[in-house]
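For reference, the structure discussed in these notes is given below.
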Amino acid sequence: MAKPVSIEVWNPNGKYRVVSTKSMPGTRWINLLVDQDCRVEICTQKKTILSVEDIIALIGDKCDGVIGQLTEDWGETLFSALSKAGGRAFSNMAVGYNNVDVNAANKYGVAVGNTPGVLTETTAELAASLSVAAARRIVEADGFMRAGLYDGWLPHLFVGNLLKGQTVGVIGAGRIGSAYARMMVEGFKMNLIYYDLYQATRLEKFVKAYAQFLKANGEQPVTWKRAASMDEVLQEADVISLHPILDKTTYHLVNKERLAKMKKEAILINCSRGPVVDEVALVEHLRENPMFRVGLDVFEDEPYMKPGLAEMKNAIVVPHIASASKWTREGMATLAALNVLGKIKGYPAWSDPNRVEPFLNENTPPPVACPSIVNAKALALPVSKL
């Protein structure tokens, strides 16, 4: 059985044993646990992704709760081990939980936490950053300079796309998709086309109000349209950002056929889930269409890229950093810790997991509740009336 190389221990005489499979940003999350009589053990093993065996060794014979990561395989084996050790709480330090078998957690009576409500603007900002970087070929130009190839200004050197007046397409206009759309519409005066199963009323009101503002100031107003299909967005938009959930219906949502529907100089951004895009088809499309550009924060077989992607100059690839702002990552750690602590202490589930500001205010104690338990209903957990 694999053994962790080293563990950092806080409050060694604490009543409740909470394990974190990774060191997480900030110290507030640690202090919140320690203040409630928890012994906190943080795995410091120099290994990016822990195996199931590693985590079983961490859980040991007695463990009240675990804070884990989306790279870990939380299924029957781990929830069984946690249950046998007396644990009833697990939280991902992530909003997504595709790595978690919630049915297995339900079987063993383990609450599963996640950390929504704190990633919206941060993720939207990265999607916007990738959009600008791809449009203006910033990464290509940076590499050109560092290679010492620049010997003077040229009219055709790294000519990219102007965003102003172009159309931004959003597939999935939930919190993150809508935040991204607002940034691109207001920041670059882009027109909007979006596709979602539900009408994005607040987003539409925002675009209408901004269009009226531009018109009142003598500028060309922006336009918006809710598309009847995803293909309509792909065909009409100049920049397309993907923000769907990942399930059976969205696996390879963007495939060879749909890539062919896009404009030859379009820009595709994915900060949602890697398998939403058929990466093999994408590499082929990038190779055949050198003016088509892509910005990716997530990958189909993460942490690996499909063969050929790394060599594509018209691709910008970053290592799953959409949530990597200091405020957001520290907030995620806090929410994950409070999910585990809340279940250990018998607190109810918070009534609205997307409104987590009270948990993040460092000047006041957090509410007596679990911020977000995805299987609260299945476990018949009470809901906070706060």
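None of the values given here were measured: they were computed from a predicted structure.
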Practice item. Go through the steps for E204 and K208 under the test salt bridge (Lys or Arg N to Asp or Glu O under 4.0 Å), then give the verdict. Key: CA-CA 6 Å; E204 291 178 5; K208 286 179 185 176; 5.0 Å; no

Practice item. Run the numbers on S325 and R329 for side chain to side chain contact (heavy atoms under 4.5 Å, CB included), then give the verdict. Key: CA-CA 6 Å; S325 68; R329 288 284 172 89; over 6 Å; no

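With hydrogens and angles left out, the side-chain atoms of S6 and T44 include a donor and acceptor closer than 3.5 Å. Checked by atom type, the side-chain pair R136/N161 shows no donor-acceptor distance below 3.5 Å. No side-chain N or O of N13 forms a donor-acceptor pair with one of R39 less than 3.5 Å apart. No side-chain N or O of S229 forms a donor-acceptor pair with one of D231 less than 3.5 Å apart. Using modelled atom types and a 3.5 Å distance limit, the side chains of Y194 and S178 yield no donor-acceptor pair.
Salt bridge annotation for R293-E265: absent, with no cationic side-chain nitrogen under 4.0 angstrom from a carboxylate oxygen. Using a 4.0 Å cut-off between charged nitrogen and carboxylate oxygen, K261 and E257 do not count as a salt-bridge pair. A salt bridge is absent between K256 and D278: the closest approach of a Lys/Arg side-chain nitrogen to an acidic carboxylate oxygen does not fall below 4.0 angstrom. Under the 4.0 Å criterion applied to side-chain N and carboxylate O atoms, D238 and K263 are assigned as salt-bridge partners. The pair E76-K107 meets the salt-bridge criterion, since a charged nitrogen lies less than 4.0 angstrom from a carboxylate oxygen. A salt bridge does not link E362 to R28: none of the charged nitrogens lies less than 4.0 Å from a carboxylate oxygen. Looking at R175 and E121, no side-chain N of the basic residue comes within less than 4.0 Å of a carboxylate O on the acidic one, giving no salt bridge.
Residues I240 and I269 have side chains not in contact (no heavy-atom distance under 4.5 Å, counting atoms from C-beta outward). Using a 4.5 Å cut-off on side-chain heavy atoms (C-beta onward), E300 and K306 make contact. Under the 4.5 Å side-chain criterion, counting only non-hydrogen atoms from C-beta, L78 is not in contact with V66. C271 has its side chain out of reach of V298: every pair of non-hydrogen atoms, C-beta onward, lies at least 4.5 Å apart.
F90 pairs in a ring-ring contact (aromatic ring centres under 6.0 Å, His included) with only one of the listed residues (Y108, Y97, W74), which is W74.
For Y195, there are no ring-ring contact (aromatic ring centres under 6.0 Å, His included) partners at least two apart in sequence or on another chain. Partners of R226 according to the salt bridge (Lys or Arg N to Asp or Glu O under 4.0 Å) rule, which considers only residues two or more places apart in sequence or in another chain, do not exist here.
When the side chains of ILVMFWY residues are joined at heavy-atom separations under 4.5 Å, either directly or via intervening members, V356 and M93 end up in a single hydrophobic cluster.
Less than 6.0 angstrom separates the ring centroid of F158 from the ring centroid of F144.
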